[in-house]
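Note sheet for the following structure.
Per chain, numbering begins at 1; letters A, B, ... match sequence-line order.
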Amino acid sequence: MPELPEVETIRRQLAPLTVGRTVLGADSHPSTKFTPARLMIGATFTGVGRRGKYLLFSTNDDRELVAHLGMTGSFRFTGSDRAPTGAHLRAWWQLGPGQERDDGVDVLRFDDIRRFGRLRVVTAGDYSDIPTLAGAGPEPFDPDFNAEQFWERLAVGKRRIKTKLLSQRPIAGVGNIYADEALWLAGINPNVSRLGRQRAADLLDALRIVLDQGLANGGTTLRDYRNIDGGSGENQKQLNVYGRGGQACPRCHHVLRSAAIDGRTTTWCPTCQRH
DNA sequence: GTACGGCCCTGTTAGC
DNA sequence: TGCTAACAGGGCCGTA
């Protein structure tokens, strides 16, 4: 389930392999989630960016290919000019040689077992048809984003803090794993709806710590996440609470509780995340 | 504008 | 051993 660290890891790998290369051919699974891939034929990639959990491939014709990996999506780069195959292949792009390189034709492929991922092609910067992206909060590592702003964003609405984090609106790029980890680190109960200024600041600090750690470890691989080399992340070894319901809290050694909050499995320590 | 439930999907796992 | 049902969950959409 790729979140910010996983998507950023993939972005860093994809950029040098795609920028400056022209899409010679493309095809996709028939689902409209993936057919926009075909609209890239003829375009040249000029950059690979990221916003929250979305990958943004910019092109020389002022468009962007917007990709969300869903839960099981993955990009792979294959040094072959043949049309790829595979039970979970959802889209692929045949890339011509770059202007400053003499490599041949390669294929960028997008596989997605559960088909929760999606692709869109938009005018550069116009995300009005992608509501979560359009409404996404600041990037966690944006130096202009401070605790006061985070507190104000968290104050909107009456939903529980866990639900607010997953909505992407207070801050971008946080999913179930890093939300649970950050709430545990900050000692905040996922069921509370409002936080004071200091606790919001603590939560922002915790989010930055767990996301930075995830990035440093190449992401978290629980089952499906793979980087574009097919390699796994290492961050799963660092998790304190996610997926550990019923086990001892690493901090206070009481039993971790696991329950669904607004349909999302959440694990927390009822003792040291009491409020 | 906000809250909330249902849906999309398929591989894995638990239970019988 | 083999079958069935439950479960995982990010984002979107319709309804209240």
Side-chain angles (χ1 to χ4, degrees), chain A residues 1-8 10-11 28-36 50-56 65-75 86-91 110-122 126-137 140 152-183 190-194 207 211 214 219-226 232-233 236 239 241-246 256-268:
Chain A
M1 43 208 83
E3 305 179 30
L4 188 152
E6 292 76 33
V7 178
E8 178 62 20
I10 291 166
R11 187 200 68 77
S28 74
H29 183 278
S31 166
T32 55
K33 290 179 175 183
F34 309 110
T35 52
R50 180 192 56 75
R51 184 76 174 88
K53 305 177 203 171
Y54 292 85
L55 282 167
L56 310 171
L65 170 65
V66 181
H68 195 290
L69 301 174
M71 292 181 56
T72 57
S74 66
F75 280 100
H88 303 127
L89 178 67
R90 305 307 177 202
F110 179 69
D111 289 79
D112 184 8
I113 296 170
R114 294 188 210 176
R115 286 197 252 165
F116 273 42
R118 64 199 69 209
L119 304 170
R120 298 293 286 273
V121 174
V122 302
D126 179 6
Y127 309 127
S128 53
D129 287 338
I130 308 173
T132 303
L133 178 54
E152 290 173 355
R153 287 182 162 272
L154 285 175
V156 176
K158 299 175 181 175
R159 309 201 74 172
R160 287 175 278 197
I161 189 75
K162 172 71 183 283
T163 306
K164 289 180 180 179
L165 288 176
L166 296 188
S167 77
Q168 307 300 301
R169 299 183 78 86
I171 191 168
V174 178
N176 210 23
I177 297 172
Y178 295 99
D180 278 10
E181 292 296 311
L183 287 166
N191 291 289
V192 303
S193 295
R194 290 188 172 275
L207 282 164
L211 291 171
T220 301
T221 297
L222 294 175
R223 185 175 302 163
D224 300 302
Y225 166 69
R226 293 288 185 275
S232 302
Q236 59 278 8
L239 299 180
V241 287
Y242 182 86
R244 300 172 66 95
L256 295 172
R257 185 178 173 201
S258 191
I261 293 180
D262 288 324
R264 298 290 177 259
T265 300
T266 302
T267 305
W268 74 99

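Heavy-atom distances to DNA chain C give each of A/P131 and A/T265 a nearest nucleotide, and the one nearer the 5′ end belongs to A/T265. Comparing A/K164 and A/R264 by the nucleotide of DNA chain B whose heavy atom lies nearest to each, the residue mapping closer to the 5' end is A/K164.
Going from atom CZ of A/R120 over to atom C1' of C/dC12 covers 10 Å, rounded to whole Å. For A/E3 and C/dA8, the CD to C1' distance is 14 Å, given to the nearest whole Å. With rounding to whole Å, A/D111 atom CG is found 15 Å from B/dC9 atom C1'. Atom-to-atom, CZ of A/R114 to P of B/dT12 comes out at 9 Å; the value is rounded to the nearest Å. Look at OH on A/Y178: it is 15 Å from P on C/dG9, rounded to the nearest Å. For the pair A/K162 NZ and B/dA3 P, the interatomic distance rounds to 17 Å; values are reported in whole Å. Rounded to an integer number of Å, the gap from CG of A/L165 to C1' of C/dG10 is 14 Å. The interatomic distance linking A/K33 (NZ) with C/dG10 (P) rounds to 14 Å, in whole Å.
Between C/dG10 and A/Q168, no contact under 4.0 Å exists linking OP1 or OP2 to a side-chain N or O. Side-chain N/O atoms of A/Y242 include none lying less than 4.0 angstrom from OP1 or OP2 on C/dA8. Residue A/R118 has no polar side-chain atom (N or O) positioned under 4.0 Å from OP1 or OP2 of C/dG11.
A perpendicular orientation is assigned to the rings of A/Y54 and A/H68, their planes being inclined by more than 60° (bins at 30° and 60°). In this structure, A/F34 and A/H29 have perpendicular ring planes: the angle between them is above 60°, well past the 30° mark.
No contact: A/F34 has no heavy atom under 4.0 Å from any strand. Among the heavy atoms of the strands lying under 4.0 Å from A/I130 are primed sugar atoms or P, OP1, OP2 only; no base atom is included. Nucleic acid contact class of A/T163 (heavy atoms, under 4.0 Å, all strands): none. Looking at heavy-atom distances under 4.0 Å, A/R115 makes contact with sugar-phosphate atoms alone, never a base.
Side-chain atoms of A/Q168 never come within 3.5 Å of backbone atoms of A/G137 as a donor-acceptor pair (strictly under, hydrogens ignored). At least one donor-acceptor pair under 3.5 Å links the side chain of A/K33 to the backbone N or O of A/R115.
Checking B/dC9, C/dG10, B/dT2 against every side-chain atom of A/V156, the shortest atom distance belongs to B/dT2. Candidate nucleotides B/dT10, C/dG9, C/dG11 were compared by shortest atom distance to the side chain of A/H68, and C/dG11 ranks first. Nearest nucleotide to the side chain of A/K53, out of B/dA3, C/dC12, C/dG10: C/dG10.
In this pair, A/F116 does not lay its aromatic ring on the base of C/dG11; centres under 5.5 Å and planes under 30 degrees do not both hold.
With salt bridges taken as basic N to acidic carboxylate O contacts below 4.0 Å, none links A/R118 and A/D112.
Enclosure of atom CZ in A/R169 is not indicated, since only 12 or fewer non-hydrogen atoms of other residues, nucleotides or ligands lie within 6.0 angstrom.
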